[in-house]
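Just the heavy atoms: all of them, side chains too, but no hydrogens, waters or symmetry mates, feed the values below. First listed ligand is number 1; within each ligand, the first listed atom is number 1. We number each residue from 1, following the sequence as shown.
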Amino acid sequence: MSFSHLGLSEKVLAAVATTGYQTPTPIQEQAIPHVLARRDVLGIAQTGTGKTAAFVLPMLTVLEQGRARARMPRTLILEPTRELAAQVEESFARYGANHKLNVALLIGGVSFDDQDVKLTRGVDVLIATPGRLLDHFERGRLLLTGVELLVIDEADRMLDMGFIPDIERICKLVPFTRQTLFFTATMPPEIRRITEQFLHNPVRVEVARPATTVATTTQLLAESGHEAHDKRDTLRRLIRSAAGLKNAIIFCNRKRDVATLYRSLLRHGFSVQALHGDMDQPARMAALEQFRKGEVALLVASDVAARGLDIPDVSHIYNFDVPFHPDDYVHRIGRTGRAGRSGTAITIVAGTHDAKAVAAIEKLIGQTIPWMGEPPGAAVGAPHASASPRPPGRQHRRPRPDDRRQPKRPAPVARFEDPRSRRAPQHTASRPEEGDASHLPAFLLRPVPVKA
Ligand code: AMP
């Protein structure tokens, strides 16, 4: 099957050819003809499956007919996070290179006035986070009655983040007759209810079982001491001894741990950036861009900040903390092993509590994750071989980084700035693990440019 059989326009096919894609991914192959036939689509697919192009390419084709009117967007795409919204905007720029379409982004952390100017000019594609969209609507700056096509992306993530009431409201503000494309990785009952309420006779397209992990990723467990400094020590050892490490995302469960670990890695001379929900929008974008371009090798991130980010070739994932929720594990390791590339995901396990959380993950993914080296004995209690009850950590409330609800805090990259980051990395002899940096790959020791 080639792209030319899907019914896409010449302009879109030319842009696809420029990107170098040879064949459509399964979600593209299955969804695109239905989108072009103006059917509602329920797409069950994770990030990494090519689902963005599955809606962007046919949307571009559809949008070739008709034109935008002031304050009345023709199509609306809802994304749970600012980064995902920005990523979809990039996809429109890439695939829509041969189109003259007005694309606007309504996300928190960006001036209302600039966004307003764009809306006034007329918008073909509006990409928004739910909170910011409703803010504009409530100010009377936006009419949703011209929306012909609505995309709800990462719906299960919207649910996690408490956006479902906003989504329901927005669905009632757009015309009943619009076409709806709905994407989710999982189908919990609340999501099923929304699809039953707001999709009209949808075509269901499912490309992978929601909880399957990527086959090309090598998954491993690494034993560590319980204290935070033990875990940091373990992480440094793992990074330094990693084979074929090109770049890595390191996941922490809490925002404040992202900041601490980031500072620690900087101190130890690593080329690193941080990404979490308290950083302001420009700082998050800048951190991500540095990582994407390979200017820094490591990115320390929280789940919410990193969810769905498209960073094409991450070689390694490190779970500094075992995630509270097993499905976050699946999302985290989905950052590597993409598009057929191989990847490695290593989870640091510190004590019985972590081992129980690993057991819950293993139950979800239906496979046992091997230990690096000898499995720990009594220290960890080895309960991971069988399914264990969920750990108390599950009761932690998830962060809600709604750009509308969350207080804006002045937390740009500079907040983590460490004066040492401006100098060449230094090593203190008093700490044994820092003493000898000669075996570190050079790219991990590059100084990090941090804005003052
Ligand atoms: P997504 O699931 O939308 O986040 O896309 C995952 C990655 O796959 C992105 O880096 C896309 O650029 C890439 N991609 C999308 N469609 C194709 C395709 N047909 N062939 C190869 N790569 C693709």
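With G50, S91, G20 as candidates, the residue nearest to atom 1 (P) of ligand 1 on a non-hydrogen basis is G50.
Contacts between Q22 and ligand 1 below 4.0 angstrom, taking non-hydrogen atoms only, are absent altogether. Under 4.0 angstrom from ligand 1, there are no non-hydrogen atoms of T19.
Close approach of ligand 1 to F3 (heavy-atom distance below 4.0 Å) involves ligand atoms 19 (N). Counting the atoms of ligand 1 from 1 in the order shown, those under 4.0 Å from a heavy atom of T23 are 18 (C), 19 (N), 20 (N).
Aromatic rings from H99 and F92 are positioned such that their centres are separated by 6.0 Å or more. When ring centroids are compared, F183 and F55 come within the 6.0 Å threshold.
Look at R82 and E89 and you find no salt bridge, because none of the NZ, NE, NH1 or NH2 atoms lies under 4.0 Å from a carboxylate O. Look at E289 and R292 and you find a salt bridge, because one of the NZ, NE, NH1 or NH2 atoms lies within 4.0 Å of a carboxylate O, short of that distance.
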Mind running side chain to side chain contact (heavy atoms under 4.5 Å, CB included) on I191 and I164 for me, showing each step along the way?
CA-CA 9 Å; I191 295 295; I164 293 302; 4.2 Å; yes
Evaluate the salt bridge (charged side-chain N to carboxylate O under 4.0 Å, His left out) criterion for residues K51 and D153: first the C-alpha distance (whole Å), next the side-chain angles of each, then the deciding distance (0.1 Å), finally the verdict.
CA-CA 9 Å; K51 75 175 162 62; D153 195 17; 2.8 Å; yes
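Below 3.5 Å of separation, one finds no N or O of A53 facing any N or O of ligand 1. Considering backbone and side-chain N/O atoms, T52 comes within less than 3.5 Å of an N/O atom of ligand 1. An N or O contact shorter than 3.5 Å links Y21 to ligand 1 by distance.
Between I27 and ligand 1 there is no heavy-atom distance shorter than 4.0 Å. In this structure, R94 has a heavy atom closer than 4.0 Å to ligand 1.
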Which pairs of donor and acceptor atoms, one on a side chain in residues 141-151, lie under 3.5 Å apart (sequence neighbours left out)?
residue: R141; atom: NE; partner: D116; partner atom: OD1; Å: 3.3
residue: R141; atom: NE; partner: D116; partner atom: OD2; Å: 3.1
residue: R141; atom: NH2; partner: D116; partner atom: OD2; Å: 2.8

